[in-house]
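Worth saying up front: this structure is predicted, and the values here are computed from it rather than measured.
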Amino acid sequence: MGNNVNSAGKILLIATGGTIACRETGHGLTPVLDGEGLLRELPELSGVCGVEVLDLMQRDSTDITADDRMQMARAVWENRGAYDGFVIAHGTDTLACTAALLHHLLPHIDRPVVVTGSMLPMGAEGSDAPGNLLDALRVAADGRCGVYAVLRGSILRGTNVLKVHSTALDAFVSANEPPAGRVADGNVIWDAPAPVEGTPRLVQRLEPHVFVLRLTPDLPPSFFSVLHGFPSVIIETFGGGGIPAHMEQAVRALIADGTRVFLTTQCVEGGVHLHKYEVGRRAEAMGAVSLGMRTVEDALAAIMCGEL
Ligand SMILES: NC(=O)C[C@H](N)C(=O)O
C-alpha cells in the first residue's frame, strides 16, 4: 500500500461525543447526537465520499481515558480492510491527547485517520461543526495516510495539535511545525510531504502512569516525594529549560529511585534547549532528558507507548 490510498472512497465516521454532538439538556451541554445525527446536518456530503458510522461512545472529551483511546485505535485497526479512511468526531478539550496517542498507537498506519470536533454544537447558529466535519471527511477521502486533526480548514499533524483558546472558534494551532496542509473551497491542499512509509502496526500495551508537573518558582522540594514510584514524570520547566537550584537534590533523588524525568517547557512553542543555559546543563547532568520540540501531549503519548 502506498502513502495515498485511493481517493473518494468509503470512510468510517467514528462518533465519540464532544461539543460537536452536544445538546443543552438542562444540566449543561451533553453529547447526545450519534454519528447518523451528525451526518444528517451535512447535506453537502453527497459527492465527497461514502460514509458509514460507528458509534463508539458519547463522552465529553474530559471523560475520555487511555482505554477509550485504545478502543478508538482498535476500531481503526480492525476496520482498516473495509474502509479507505477514518474520521473521529471528538471533543476539543482533549483532542490533542487523542490525536497524539493515535499517532503513536498506530505507527505507519496505512489509512488516513482524521480527528475533528467543534467549539459549538452541530445545528447551533454559526457553528463550526458542519465545516469541520465536512473538511475532515474531505481529508480522509483524499487518501493521505497518517493521523491528522482537521479544524477550521487547517490540517494539523497528530503530533503537533495544540488547543490554545477555550471558547473561540479558532481554538487550535499547529505547535512547532507549520500545518501539514489546508482545505480551501472544498479542495485539500498539502503543504508538507507525505509521511515516510513503513509497516503498520497497533501498539498493544499502554503505560498510563505518567505524571506531568508544572513547575512554579517556589514549589517546595518536599513535593517531589509524592512522585516516587511513577515510572515517568514530565516536568514543564520555565522557558529554555532547567531545574531550579533548590529543587535539584529532590529531582536527583527521584531519578536515583528509578523514575525517568523528562523536561519540557511551559512556553506554548519553541521547545526546550537544555544545552543553552547553565541551569539546563545542570539538569541534563543529573540525568533529566530533554523533550526537545515535542508538545506535552506528544511526549505523553510517546512515553505511554514505550517509545521514550
Ligand atoms: N468543544 C468541545 O468539544 C468541548 C467539550 N467539553 C469536549 O471536549 O468534549
Side-chain angles (χ1 to χ4, degrees), residues 16 18-20 60-62 64 69 87-104 112-121 126-140 142 144 146-185 187-195 212 214-215 234-241 262-273 290-303:
T16 71
T19 294
I20 194 166
D60 190 291
S61 75
T62 290
I64 286 183
R69 296 187 168 98
V87 169
I88 301 179
H90 194 286
T92 60
D93 289 342
T94 65
L95 192 150
C97 290
T98 297
L101 195 57
L102 290 175
H103 170 89
H104 291 283
V113 179
V114 182
V115 191
T116 194
S118 66
M119 297 300 286
L120 294 175
S127 175
D128 49 336
N132 284 349
L133 185 54
L134 204 55
D135 284 349
L137 289 163
R138 286 186 174 114
V139 173
D142 184 68
R144 181 175 288 194
V147 178
Y148 301 96
V150 170
L151 297 140
R152 302 290 281 168
S154 238
I155 308 174
L156 317 177
R157 290 174 187 79
T159 48
N160 296 83
V161 182
L162 192 63
K163 185 171 178 179
V164 292
H165 204 291
S166 58
T167 58
L169 297 189
D170 287 316
F172 285 85
V173 297
S174 174
N176 293 331
E177 279 276 355
R182 59 217 135 93
V183 187
D185 301 323
N187 299 310
V188 176
I189 302 155
W190 293 99
D191 296 312
V212 180
R214 185 179 174 93
L215 277 194
I234 297 174
I235 303 181
E236 292 185 6
T237 64
F238 312 117
F262 297 91
L263 302 189
T264 183
T265 177
Q266 294 176 15
C267 292
V268 171
E269 297 206 64
V272 266
H273 304 276
S290 167
L291 289 171
M293 301 293 281
R294 287 180 190 268
T295 62
V296 172
E297 290 84 351
D298 179 42
L300 198 53
I303 295 168

Leu162 side chain near Phe172 side chain, heavy-atom distance below 4.5 Å: no

task: Quick one: closest heavy-atom pair of Ser290 and Gly292, and the distance?
output: OG-N, 2.9 Å

- request: Check each of Val161, Ile88, Leu101, Leu102 against Val147 using the side-chain contact (heavy atoms from CB on, under 4.5 Å) test, and report the only one that passes.
  value: Leu102

field: Any donor-acceptor pair under 3.5 Å from Ser154 side chain to Leu156 backbone
entry: no

message: Strictly distance-based, threshold 3.5 Å: is any side-chain N or O of Ser61 a donor or acceptor partner for the main-chain N or O of Thr94?
response: yes

field: Test item: Asn160 side-chain N/O and Ser174 main-chain N/O as donor-acceptor pair under 3.5 Å
entry: no

message: Could you measure the distance from the CG atom of Leu95 to the CD atom of Glu297? Nearest 0.5 Å is fine.
response: 10.0 Å

message: Whether the side chain of Asn176 engages the backbone of Met293 through a donor-acceptor N/O pair (distance < 3.5 Å, no angle test) should be reported.
response: yes

task: Name all pairs fulfilling the salt bridge (charged side-chain N to carboxylate O under 4.0 Å, His left out) condition that reach into residues 147-160, sequence neighbours left out, sorted by first residue then second.
output: Arg152-Asp170, Arg157-Glu177

Spacing of CG belonging to Asp135 relative to CG belonging to Leu151, to within rounding of 0.5 Å: 9.5 Å

field: Side-chain touch Thr159/Arg294, heavy atoms, less than 4.5 angstrom
entry: no

message: Please tell me whether His103 and Asp298 have a donor and an acceptor in their side chains that are separated by less than 3.5 angstrom.
response: no

message: Within the 4.5 Å heavy-atom criterion, are Leu169 and Leu120 side-chain neighbours or not?
response: yes

query: How close do Val296 and Val212 get, heavy atom to heavy atom, and via which atoms?
result: CG1-CG1, 4.1 Å

Ser118 versus Asn132, closest heavy-atom pair with distance: CA-ND2, 4.0 Å

message: Measuring only between side-chain heavy atoms, which start at C-beta, is Val183 closer than 4.5 Å to Ile189?
response: no

message: Any side-chain to backbone donor/acceptor pair from Thr265 onto Gly239? Under 3.5 Å, distance only.
response: yes

- request: Output, in order, the C-alpha distance, side-chain angles, deciding distance and verdict of side chain to side chain contact (heavy atoms under 4.5 Å, CB included) for Phe262 and Val272.
  value: CA-CA 11 Å; Phe262 297 91; Val272 266; over 6 Å; no

message: Checking the side chain of Thr16 only, and the main-chain atoms of Ala89 only, is there a donor and an acceptor separated by less than 3.5 Å?
response: yes

query: Is there a side-chain contact between Ile155 and Arg144, using heavy atoms and a 4.5 Å cut-off?
result: no

message: Before you tell me yes or no, could you show the steps for Val115 and Tyr148 under side chain to side chain contact (heavy atoms under 4.5 Å, CB included), namely the whole-Å CA-CA distance, both residues' side-chain angles and the distance that decides it to 0.1 Å?
response: CA-CA 6 Å; Val115 191; Tyr148 301 96; over 6 Å; no

- request: With the side chain counted from C-beta on, respond yes when Met119 and Thr19 share a heavy-atom pair under 4.5 Å apart, and no when they do not.
  value: no

message: Using a 3.5 Å distance criterion without hydrogens, assess whether the side chain of Asp60 forms a donor-acceptor pair with backbone atoms of Gly18.
response: no

- request: Supply the atom-to-atom distance Thr116 OG1 to Leu133 CG, rounded to the nearest 0.5 angstrom.
  value: 6.5 Å

field: Test item: Ser127 side-chain N/O and Pro121 main-chain N/O as donor-acceptor pair under 3.5 Å
entry: yes

field: Side-chain H-bond candidate by donor/acceptor type, Arg69 with Thr98, under 3.5 Å
entry: yes

- prompt: Can you check whether Leu215 reaches Phe238 side chain to side chain, under 4.5 Å on heavy atoms?
  reply: yes

message: Taking Gln266's backbone N and O only, do any of them form a donor-acceptor pair with Glu236's side chain (distance below 3.5 Å, no angle check)?
response: no

- line: Nearest heavy-atom approach of Ala140 to Pro112 is O-CG, 3.2 Å

query: How about Leu291 and Leu263: do any of their side-chain heavy atoms sit closer than 4.5 Å?
result: no

